[in-house]
Each structure stands twice: as C-alpha cells, then as structure tokens.
Amino acid sequence: MLQMKHIDNTPSTPGKFKMEKSPYNRLRLHSSLAKLTFWSIVFLGLIFVFFYRSPSSSSPVTSDLNRRSLRTNFYGGPAWEKRVRTSAKIRSRNGISVLVTGAAGFVGTHVSAALKRRGDGVLGLDNFNDYYDPSLKRARQALLERTGVYIVEGDINDVALLKKLFDIVPFTHVMHLAAQAGVRYAMENPSSYVHSNIAGLVSLLEVCKSANPQPAIVWASSSSVYGLNTKVPFSEKDRTDQPASLYAATKKAGEEIAHTYNHIYGLSLTGLRFFTVYGPWGRPDMAYFFFSRDILKGKSIQIFEAANHGTVARDFTYIDDIVKGCLGALDTAEKSTGSGGKKKGPAQLRVYNLGNTSPVPVSDLVSILERLLKVKAKRMIMKLPRNGDVQFTHANISLAQRELGYKPTTDLKTGLKKFVQWYLSYYGNGKKSAQ
Ligand SMILES: O=C(O)[C@H]1O[C@H](OP(=O)(O)OP(=O)(O)OC[C@H]2O[C@@H](n3ccc(=O)[nH]c3=O)[C@H](O)[C@@H]2O)[C@H](O)[C@@H](O)[C@H]1O
C-alpha cells in the first residue's frame, strides 16, 4: 500500500521531469527519486523475505524432487490453526493425539481413520507427491476429511512447519508413515529415498526431541531389512546387515537412526517391519494392484521366478491386520523420557515384525486374482531381475503377538476379495483404470 501511494504522487511520464527547472523543483525531484529508490528496496526486500524465508515454503532440494511436487503449500493464520486443533482434539477418555505423517498414503489413511473412529485426536501430514497417481491420494484425503481428519499439505523435511504443528498441538504420539516406498523404484530415483527415508526421518526426530512434551514415535520400517537372509521365518533377532535394495538400506538406516535418538534424547521409538501390505485403497505401484489393472486390460504380466525355476513368494499382509498392529504399538508405547532436548532417563526402543506368517507364491496370487476378476491372465514368466527384489519373505510374529496383541486373521484369498471389490467399485470394470 505504501508503495502504491508513493507511485501515485510521482509524475507519471519522464517528460514532466524535464519541465521542472527551479533548484527547489530539482531538490523535490531528488527527494522523490530517493524516496522511490528507498521504498523500492523495502518492497523488494519484503518480496525476498516472503518467498525465500517463509517457513511455509521448503526449498526444493533438487529439480527432480521439485518435479515430484514436494514443495509445501502456504499455511498459517487463525482459521488454519483452528482446523489443526479441531482435527487433533481428543474426543474419548484416555484418548491420544497423534500426528500421522503420510496420512494420504495407503497405510496412513487406514490408520488415521481407525484412530479417529475410536475417539483419538488425529492430524495428518502429507506432501502429495506424484510417485503414483496423486488423484488416489486426494480421494483418500476426501475420505478422511469426511471422518474429521484434516491433512496438512507439507513435507517432513520442512522443520519450520513441523515445529509449528507441535507449537499448536502437544501431540502425545507420532505415527510416522511418510516414506519413499517401493523396492524397484530405488534404482530409478535413489535420491528420493535418501530425502524421505533418511533426511525426512532425521528432521522429524529433531523436532520430536525438542518438543515439550516429547511424543512417543511409532514408524514404518520394512520386511526388506532382512535382505539376503535365508533363515526363515524372519525373526527380529536375525541379522539385517545385507540389504538387497537401496530402499531396504534406507529403512535399515532408519532403525539405526532411531537407536541414536533413543539413546541421546530419550525418545520412545517403535519400528514396525511391514510385510507386503495389501488391500482396498492400496498402492498402484505394488504387484497385486497393477496385476489386477493389467489382467482386466488384457495386458500381459511378468511373474518373477528365481534361479532353477525357484518360487518367489511373499508374506502378504492384509491392511486391517496391519492397522491393528499399528494401534497396538501406539497403545503400548511408553512415554519419551526427555524434555527440552535433554534425556532424563532410559526410554523404550522396540522393533516388531508385522507379517501374516504364511508366504504365498506370486503365481498363486495371480491365480486368485484371475478367479476374482473372472479374467485369465497373460502370464510371462521372467527371471527375478537384479533390482532389489528378494526371493521370499516370511515373518515370525511371536514378539508382536506377545507384546502388542498382534494376531493377523485375514488370508490372502479373503483379503484380495475385498481389494478386488474396492478396485472394481473405484475404477469400474477396467474401463476407467488405474494409471
Ligand atoms: O515388505 C516390504 O517391506 C515391502 O513390500 C512391498 O515390496 P514387495 O514385497 O516387493 O511388493 P511388490 O512390489 O508388490 O511385489 C510383490 C511380489 O511380486 C513380484 N513381482 C513384482 C513385480 C512384477 O512385475 N512381477 C513380480 O513377480 C515381486 O518379486 C514380489 O515377490 C512394498 O512395495 C515395499 O514398499 C515394502 O513395503
């Protein structure tokens, strides 16, 4: 406004300046020019501060990350803060208030909805990147919106945003599910794994360690940390130092980073090793999802096999079972012990397998899908590529059973039936299909 006023008082054409002859007028001209320069500098300075220093805009790390729309939206203001508070408000006795990162993701959406249903306060955070079709993430967001969960659009690397959220809400828990997922994509875009799964985790833990009170954190690790292990079923005590993909390596690094923040700052940390989670509202980059799409379209699908026609199998785990495991982990998490960034005593540090305990060959998965979709798949058997995939996974879940009350109840046939029902209702019979 100031600038506008100043410009209004300034002669509008250079010709008018030339006509001013008296020393008094020259003095006025100099003074006007000086004012104009001064206010221009002030105005440019304000623009610079607004765009480059605003806590609401995270600086893009690389052009690639930029492409994947990781920049955050603007936030702030009383109406926005009210939305944040209302969403995070606890509505049941003994409820908890949880910041769910990756809330527009597959597991994040289901966990957020389940917490909200039982009366906990839930605030979502998601950067809505385009690793897979963002419209699916928007649809999940709309679903959560209807249950009263607000998702703040922002990146976990945006420390200023995270601090602001903790200033507004004293979260008791963080359910950290934001990550760069997918085993094979790590060869295409390695930096996105470092950005989300390592830098993002550290930025979140930095804010959590300084928060008062410190929250307890439950976060998503992965079955892939077992890497090239051949001893089955995989137990939490087994070695995890032979990751087969960069994805696995970043999840393993996350477990070590968790150890450090627990040790130095007294943060309560629980890592959950998810085993190939599937179900309605799932991730289109996962095999069961794009197999369904391609079978319906009559496109051929590649089914991997190991050397000497060895079976490739996964301990596929249904989303509702995983949600129960996540809630069990949140409910048994002890408080962090630090405050003001200082540890006051030893804190809980846990890792659990959340699997189904019954691996199924990928070819059987395809047979189940064929029956449910009533379409024969065009199968192409391929040698397991050297791109990070492991031959099999199989979880020993006795620790989670004992300590979290985790007990999966959904077999692959039942779970896929629910997935296919959802898929057909969401995309239609292959006419409108997943990207
Ligand atoms: O447990 C985990 O921690 C991980 O689970 C998931 O990884 P995966 O178990 O590899 O699932 P997914 O890609 O669906 O492949 C399933 C099977 O199909 C085989 N597969 C795959 C593609 C293909 O074209 N053909 C094929 O046979 C393939 O060889 C495999 O045997 C998550 O994506 C990952 O983010 C992480 O959470």
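Order of listing sets the numbers, starting from 1, for every ligand and every atom in it.
In this pair, W281 and W422 present their aromatic rings tilted. The plane angle is within the 30 to 60° band. The aromatic rings of Y423 and F289 lie perpendicular to each other, with more than 60° between the two planes, well past the 30° mark. Ring geometry for Y265 versus Y261: interplanar angle of 30 to 60°, hence tilted.
Remark: distances from the non-hydrogen atoms of R273 to ligand 1 are all 4.0 Å or more. For R283, the closest heavy-atom approach to ligand 1 falls below 4.0 Å. Using a 4.0 Å heavy-atom cutoff, F290 is listed among the residues neighbouring ligand 1. Contact analysis puts F291 in contact with ligand 1, with a non-hydrogen atom separation below 4.0 angstrom.
One N or O on the side chain of Y193 and one on the backbone of G182 form a donor-acceptor pair closer than 3.5 Å.
Summary of contacts: the protein heavy atom closest to atom 17 (C) of ligand 1 is V362 CG2, 3.7 Å. Of all protein heavy atoms, the one closest to atom 26 (C) of ligand 1 is F304 CD1, 3.3 Å. Shortest contact from atom 37 (O) of ligand 1 to any protein heavy atom: Y247 OH, 3.3 Å. In terms of protein heavy-atom proximity, atom 4 (C) of ligand 1 is nearest to S222 OG, 4.2 Å. Of the protein's non-hydrogen atoms, the one nearest atom 25 (N) of ligand 1 is Q302 O, 2.8 Å. Looking from atom 8 (P) of ligand 1 to the surrounding protein, the closest heavy atom is R314 NE, 3.8 Å. If you check which protein heavy atom lies closest to atom 7 (O) of ligand 1, you get V183 CG2, 3.9 Å. Nearest protein neighbour of atom 13 (O) of ligand 1, counting heavy atoms only, is R184 NH2, 2.5 Å.
The existence of a salt bridge linking E255 and R273 is confirmed by a sub-4.0 Å separation between a basic side-chain nitrogen and an acidic carboxylate oxygen. Salt bridge status for K164 with D158: absent, with no side-chain N to carboxylate O gap under 4.0 Å. A salt bridge is defined here as a Lys NZ or Arg NE, NH1 or NH2 lying under 4.0 Å from an Asp or Glu carboxylate O, and E145 with R83 meets this definition. Comment: D126 does not engage K137 in a salt bridge, judged by the lack of any side-chain N to carboxylate O separation of less than 4.0 angstrom. Checked for salt-bridge contact, R118 and D120 meet the test: a charged N lies under 4.0 Å from a carboxylate O.
Between Y352 and Y406, the ring centre distance reaches or exceeds 6.0 Å. A distance below 6.0 Å separates the ring centres of Y318 and Y278.
Interface of T276 with ligand 1, defined as ligand atoms under 4.0 Å from a residue heavy atom, comprises 1 (O), 2 (C), 5 (O), 9 (O), 11 (O). Those atoms of ligand 1 with a heavy atom of I303 less than 4.0 angstrom away are 27 (O). Set against the non-hydrogen atoms of F275, the atoms of ligand 1 under 4.0 Å away are 1 (O). Heavy-atom contacts of V312 reach the following atoms of ligand 1: 29 (O), 31 (O) (cutoff under 4.0 Å). Of all the atoms in ligand 1, the ones that sit under 4.0 Å from a non-hydrogen atom of S224 are 3 (O).
Of the heavy atoms in M286, both backbone and side-chain atoms come closer than 4.0 Å to ligand 1. For K251, no heavy-atom contact with ligand 1 is shorter than 4.0 Å.
One option in A287, G182, G388 has a heavy atom closer to atom 35 (O) of ligand 1 than any other, and that option is G182. Nearest to atom 10 (O) of ligand 1 by heavy atom, out of D389, V277, T393, is D389.
Annotation: F316 places no N or O atom under 3.5 Å from an N or O atom of ligand 1; distance criterion only.
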Exercise. Please walk me through it: do S367 and R379 pass side chain to side chain donor-acceptor pair (under 3.5 Å)?
Worked result: CA-CA 10 Å; S367 303; R379 300 177 185 229; 3.0 Å; yes

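Side chains of Y131 and D285: a donor-acceptor N/O pair is present below 3.5 angstrom, by distance only.
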